[in-house]
Amino acid sequence: MSVRHKSLYIWFYYIFLLISSINIDCKVIIECVDADIGGDILDRIKASILCDSDIYVLDDICINRDVETIKDILDMHGYLDASIKYSIDEKKNIKFSLCLGQRYRIGFMGFGFRDTNKKFDMTVFQLYELVGIKHDSYFSNNVVLSAGDSILEYLKQHGYLFAKIYKINVAHDHKTKYVKITYIITLGHKIVVGDTNINVAGKRPGKRFLRFIKNRIQWKKNELYSIQSIEKTKNILLSTDIFKAIDIKLCKPNEDNMLYDDKQDSSVKNIYDIDVAIDLLPVNRLTMFAGGNFDDYLSLGGNIKRYNIDNSGGYIQLDCLMNKLFYRGGNNAKLDLSVYLRDLFGYRRDLDSHIIVDKIAHHDMSVISNINIIWQITDRVMLKCWSSLEFFNVNGGKNSYSVLGIPCVQLLFDSNKNNNRMFGFSSDITMCNYFFKDEQFINLIFNGKLYIPIINNSFYNKFAIEIHGGIGNIFGSKDVPREKRLFCGGATSLRGYGEKMAGELSEDDNKPVGSRFMYAFGAEFIANVNKSIDLLCFVDCGNAGFAKPFVGIGLGARVRTKLCNLKIAVSFPTKIRENNKGKRIDPVFQFRVNLENK
């Protein structure tokens, strides 16, 4: 036999051995002898070992490799004393028997620093609280890695942007079944804030406006860099309703701003400048709305607002409203001119003044002037204090009187001011002390709103519910002028009914009488089609008085585009009243369209 034929015979022999060792119907059985293992761990074992296949080569090398894989997975989940045995039955099925032993727990977690002799200002108890791990909790590799990420995030927020975990020491005590974990950390250089450079896209703002921005920056020169101060600055600036986008980033330091020593100690500081790039919203804002039902009334209004970025960031606003009242007769026109001055009394202490002229139907008229002092106490809490002087000419000009409001106080809270697509709660409570002739009375009103996302993702909430409500009461004198009583109804309180019409009406002309008590509640279900379109349905209820509530229902949509925001809503009253002559008082439906430029 030639050498060539012998080689062919050897190759055929090995192929025969390989084919004979393949079992197409091979089954893999995994059982735990002494304890029950979690389903997630079991699934991971089945997915990781080579036996998780319909075709398996019965080879000691492959099986031993699978045993090592199972051992590694059990070690990662705290079963450090686990042992694995396997057996093959007559049908070539493979059975892995796992003896898990006692699962290890975390007994100690600490940290050390490779590049400094100084201790970082954080205790072991603070470390446990930071990483969210309780003492005596089960040990796993995922827990160790997650805790390491939390430590690095904490260090970066406190100026150590280049911190890294050099090594993780894990020591096992086989007697007590506890694990000691020590993170060896390379801190790197501290980052210290240098100069702050402010760039406004497409504009060259004045000195006062730059000072307005700098007053809201939460870091100072030569202070330790902090990510928290960066995020807080963004939230404060966005809450002013002037800025569209804000980008804050570090500049690479020059050699003159870098400090070194021979030991490369982490106490060495690198001075970084900070660039603040700002994109402004339109300086001129226009909002328009229309509403009515083409039967009882039509309403048209809007406001014009102009921001002054060359000065203090304040604005001048003019609100206009015109109503055609068919069921009452006559027309109604209202003008509101307001001037808002920022930082007039110091940082985040603003002044807002209003002059309101309201020409009511049948020659009635009111003029209101007030001055508000606004104090932004925190990012979420704001306090308003004001005094007002109000003049009324009613009953066709036959009666005239004035009302003095002093002091008036409003406290506002908003847990989610800059992102209304997250879970949040906002509320305000208002108290106004009024003097009318020789009488005195107090208006106390509370409003609240709760936003609850139901199904959401990283881009927008798929479904959400918004619950809102308000309640008010008047204390003091029984002689309260009609114009200062509490009313319900309209687009801002109870949709489906006319302005101030959800309550008791006078028998003569069906005008709203008002009440010393008022309540209004509502819920709105929001379905987000995408990031630009919202569909909604709502129900409102309330009354000016203690009587049975009026109920209104409706549908609507919001559309957000690059140029403007559009909101359309159609509402219906559930009860339609008629006057003594059988003429309808409440509309069959109402519509409202809001258009706002961005």
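Two rings, from F546 and F517, have their centers less than 6.0 Å apart.
N433 places none of its side-chain heavy atoms less than 4.5 Å from the side chain of C408. Side chains of I454 and F525 form a contact here, defined as non-hydrogen atoms less than 4.5 Å apart. Counting heavy atoms from C-beta outward, I248 and I274 have side chains that approach closer than 4.5 Å.
Taking the six-membered ring where the residue is Trp, F243 and F212 present parallel rings, their angle staying beneath 30° rather than reaching 60°.
In this structure, R306 is not positioned above the aromatic face of Y315 in the sense of NZ or CZ being under 6.0 Å from the six-membered ring centre and within 45° of the axis.
Side chains of N543 and Y519: no donor on one and acceptor on the other come within 3.5 Å. Side-chain contact of Q218 with S229: a donor-acceptor pair under 3.5 Å is absent, judged by distance alone. Between Y401 and E390, the side chains place no donor N or O within less than 3.5 Å of an acceptor N or O (distance only, hydrogens not considered).
When the options K500, E507, R485 are evaluated for a side chain to side chain contact (heavy atoms under 4.5 Å, CB included) with V513, the one that passes is R485. Partner of I217 under the side chain to side chain contact (heavy atoms under 4.5 Å, CB included) criterion, out of T233, I236, V193: T233 alone.
Closest non-hydrogen pair, K484 versus N443, comes out as O-ND2, 3.5 Å. Across M518 and C488, no two heavy atoms sit closer than the pair CG-CB, 3.9 Å.
Salt bridge K249/D273: absent, no basic N to carboxylate O contact under 4.0 Å.
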Intermediate values then yes/no, side chain to side chain contact (heavy atoms under 4.5 Å, CB included), L238 and T240 = CA-CA 5 Å; L238 290 174; T240 61; over 6 Å; no
